[in-house]
Amino acid sequence: MEYSKKTTILFRHERLVQLAAQKGVSLGYLVRSACEMQYGLVAAEERLEAVRGLARLSLPVAGTRTMKDQSVPDPSDLLP
């Protein structure tokens, strides 16, 4: 990917430099990666590959009603 703009951002520089060093990456890479994760700046092909990977998983999946029953508690179960 080619970068075409430069932006100045004020942030906790020392902490991010430490974190980048711990991860073994540059500060620029750390910030770009965080932005991509937070704001979804991921290429369409990467998203498609992620979907393909999920589709290859063999996971037990119940029907919609069963999943809702399992994930949303009945109000009477919340009362003492």
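Here CG of L19 is found 10.5 Å from CZ of R12. Values are rounded to the nearest 0.5 Å. Between S26 atom OG and R32 atom CZ the span is 5.5 Å, to the nearest 0.5 Å.
With sequence neighbours left out, the side chain to side chain contact (heavy atoms under 4.5 Å, CB included) criterion links L54 to L57. The side chain to side chain contact (heavy atoms under 4.5 Å, CB included) search around V25 returns A20, K23, Y29, L30, not counting sequence neighbours. With sequence neighbours excluded, the residues forming a side chain to side chain donor-acceptor pair (under 3.5 Å) with E45 are R52, listed by chain and number. For R15, the salt bridge (charged side-chain N to carboxylate O under 4.0 Å, His left out) test picks out no residue, with sequence neighbours left out. Taking R47 as the reference, nothing meets the side chain to side chain donor-acceptor pair (under 3.5 Å) condition, with sequence neighbours excluded.
Counting non-hydrogen atoms of neighbouring residues, nucleotides and ligands closer than 6.0 angstrom, the CD atom of Q22 exceeds 12 such neighbours. Heavy-atom neighbours of Y39 OH from other residues, nucleotides or ligands within 6.0 Å: at or below the threshold of 12.
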With a cut-off of 3.5 Å and sequence neighbours excluded, list every side-chain donor-acceptor pair involving residues 60-70.
from	atom 1	to	atom 2	distance (Å)
R65	NE	D69	OD1	3.2
R65	NH2	D69	OD1	2.6

